[in-house]
Amino acid sequence: MIMDSLEHIDTFRAQWPFAARYVRVNGWRMHYVDEGSGDPILLLHGNPTWGFLYRRVIPPLVDAGHRVIVPDMIGFGLSEKPAREQAHSLDGHIANLAGLVRQLDLRRVTVVCHDWGGPTGLGFAMSNLERVRALAVMSTWAWPTPPAEFHTRLFPWRTMHAPLVGPYLLGRHNVLARRGVYLSVVDRERFRQEAQAVYEAVLPDSETRLLTWAWPRWIPLDDSARAQARFTWLEAKLAKSKLPALIIWGREDEVFDAGTFAKRFKRLLPHADGPHMVTGRHFLQEDSGPEIARLISDFLDTLGGA
Amino acid sequence: MADVAVIARPATEGTRQALVLTEDRLGHYPEFRAFFARTFDLDRVGLSEPGFVRAPSGTSYTLAFVGRSGEPFPSGLEVYAIVEALEPLDDTAVDEDLWAILSWMIDGVGSPWTVEDLHATGRLYRIPVTR
């Protein structure tokens with residue numbers, strides 16, 4: 001049904017010509033694309049997007065001689081969408097990635113992370129170091145304190161996903177895909193014409209949108225948060241990591257602002273290349289896809305065969 | 001929020017219960033769970049009886065509280081519109097009723113949560129009931 005809806009969007013196939021592939025991880029059906037050949041690059045999206053976010057990043061990377069794998073997180077895109085909130089946990093999503101990478105037997109992986117693709121992708125990387133070649137981070141976080149002052153505010157963030165309010169606003173009304181992404185890109189008119197309908201089409205019904213309000217509830221706000229220990233572990237592991245790393249950030253990002261977040265990643269990974277600033281708010285791939293691809297490709301070229 | 005009222009069990013002959021909203025994690029912010037426990041005397045009533053409210057459209061709603069082993073009660077909540085058995089829902093009316101119920105809930109939960117913040121959030125995301 002979702003694919004039928006997507007096929008009826010005039011601009012969809014021209015933007016997303018990639019073959020759909022599926023694998024079962026932890027009992028869930030995960031959709032991914034797998035294009036090109038060479039050392040693999042894993043492109044990870046967050047809330048409420050899917051692999052489509054990387055539609056302008058994939059072709060230049062493939063043309064530059066890379067294998068690009070783009071999974072849809074369980075609960076998003078063309079992957080299975082569990083109907084119960086208890087199906088989701090940070091550890092579970094990290095394990096889902098591990099399941100994908102091991103089934104495809106990927107090695108020398110470059111893990112590219114955005115939003116919740118950060119805690120999950122970096123969590124995967126830190127627990128599967130033997131399979132990982134490098135890291136790239138964009139508009140995300142990897143530490144236990146509230147990621148941004150924005151996330152501590154009642155208006156609009158905590159109110160949006162409060163009990164019953166979350167299922168109403170994000171479930172019945174799909175406000176994150178319908179309005180939230182739009183507000184978090186720079187070229188809103190282009191986004192409205194090219195992408196808005198696609199992001200809405202993959203979340204067609206209330207229950208398919210569950211992860212859009214479940215993920216915000218996993219952001220740690222204090223020491224009692226469910227993911228507190230995992231984020232503490234993640235930050236400690238990253239601080240010891242010597243993996244080559246790349247930091248890319250949107251100049252106009254107001255939520256994960258570069259002055260706070262890119263800077264903190266640079267402190268955590270002082271050897272990292274960047275931060276490289278590109279045009280973009282939180283969903284910077286919408287505004288700077290080819291430039292992000294070039295930055296990743298150039299960064300990997302500097303690593304050579306190492 | 002005088003336009004939502006807690007009521008006794010309404011007559012249900014010729015009606016059906018139509019599920020309109022579910023919450024798996026009522027205690028995500030514990031003050032929300034406490035509001036329902038307080039309003040419907042759930043420490044005493046437990047699972048024996050749902051709660052009932054009447055919304056602005058005049059429709060009554062059942063609040064079915066859900067328990068989960070190992071978690072404080074209630075852990076979840078299901079909201080059902082009590083409607084004519086064989087008639088389809090009026091989605092617009094249900095949507096407006098739910099918004100009123102959410103406003104009533106936020107008002108009851110109290111500070112620092114405010115109805116003004118809820119309504120501002122609704123306007124920011126341009127949901128139909130705020131237009």
Side-chain angles (χ1 to χ4, degrees), chain A residues 48 75 82-89 150-184 192 196 200 205-222 224-227, chain B residues 19-36 61 63 66 68-71 74-79 89 91-92 94-106 108-109 111-131:
Chain A
R84 301 298 301 274
E85 186 161 340
Q86 284 72 20
H88 295 290
S89 69
F150 172 83
H151 296 106
T152 67
R153 286 188 222 150
L154 288 176
F155 170 74
W157 182 250
R158 292 173 65 198
T159 295
M160 182 182 73
H161 66 262
L164 286 174
V165 181
Y168 178 86
L169 288 177
L170 291 96
R172 281 181 74 89
H173 292 291
N174 200 17
V175 300
L176 212 49
R178 191 164 288 161
R179 186 80 180 149
V181 182
Y182 171 86
L183 292 173
S184 296
R192 194 182 60 75
Q196 178 81 59
E200 290 187 36
D205 308 303
S206 289
E207 73 172 15
T208 68
R209 303 164 186 155
L210 187 149
L211 192 51
T212 69
W213 72 85
W215 264 144
R217 296 176 177 182
W218 276 89
I219 293 176
L221 295 180
D222 59 39
S224 68
R226 289 175 287 179
Chain B
L19 181 63
V20 292
L21 196 66
T22 61
E23 172 55 67
D24 272 345
R25 195 172 161 78
L26 192 58
H28 177 68
Y29 296 120
E31 56 269 39
F32 286 73
R33 178 172 50 220
F35 163 72
F36 286 103
Y61 289 80
L63 307 182
V66 178
R68 178 172 292 111
S69 301
E71 295 184 13
S75 62
L77 175 59
E78 298 168 349
V79 182
L89 285 176
D91 276 336
T92 302
V94 167
D95 208 59
E96 292 171 359
D97 280 349
L98 287 174
W99 188 244
I101 290 169
L102 295 179
S103 301
W104 164 78
M105 173 186 74
I106 292 283
V109 170
S111 178
W113 302 90
T114 68
V115 176
E116 290 73 23
D117 278 345
L118 175 67
H119 290 184
T121 303
R123 287 192 300 274
L124 175 67
Y125 292 110
R126 297 187 177 178
I127 60 167
V129 73
T130 64
R131 285 177 194 157

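Letters A, B, ... mirror the listed sequences (proteins, then strands); counts begin at 1.
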What part of [X] lies closer than 4.5 angstrom to a heavy atom of chain A: side chain, backbone, both or neither?
X	value
B/L102	side chain
B/R33	neither
B/T22	backbone

Taking all atoms of both residues into account, what is the closest heavy-atom pair of B/M105 and A/P163, and its distance?
->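 Taking B/M105 first and A/P163 second, the nearest heavy atoms are CE-O, 3.3 Å.
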Side chains of [X] and [Y] in contact at under 4.5 Å (non-hydrogen atoms):
X	Y	result
B/I127	A/V175	yes
A/L221	B/Y29	yes
B/W99	A/L169	yes
B/L118	A/Y168	no
A/L183	B/L124	yes

Side-chain donor or acceptor of B/D24 paired with backbone N/O of A/E85 under 3.5 Å |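 Indeed, once roles are kept as given, a pair shorter than 3.5 Å links the two residues.
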Would you compute the distance between atom [atom1] of [X] and atom [atom2] of [Y] and round it to the nearest 0.5 angstrom?
X	Y	atom1	atom2	result
A/T159	B/D117	OG1	CG	5.0 Å
B/R25	A/R217	CZ	CZ	7.5 Å
B/H119	A/F155	NE2	CZ	12.5 Å

Should the heavy atoms of other residues, nucleotides or ligands under 6.0 Å from CD of A/E207 be counted, would the total exceed 12?
->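 At most 12 heavy atoms, drawn from other residues, nucleotides or ligands, come within 6.0 Å of this atom.
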Segment of A/L164 engaging chain B (4.5 angstrom heavy-atom cut-off) |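 For A/L164, backbone and side chain are both near chain B.
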Atom group of A/R178 that falls short of 4.5 Å from chain B, counting heavy atoms |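 The answer is neither part of A/R178.
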Just grab all the salt bridge (Lys or Arg N to Asp or Glu O under 4.0 Å) pairs involving residues 153-173 of chain A, residues at least two apart or on different chains.
->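 Passing the test, one end in residues 153-173 of chain A: A/E149-A/R153, A/R172-B/D95.
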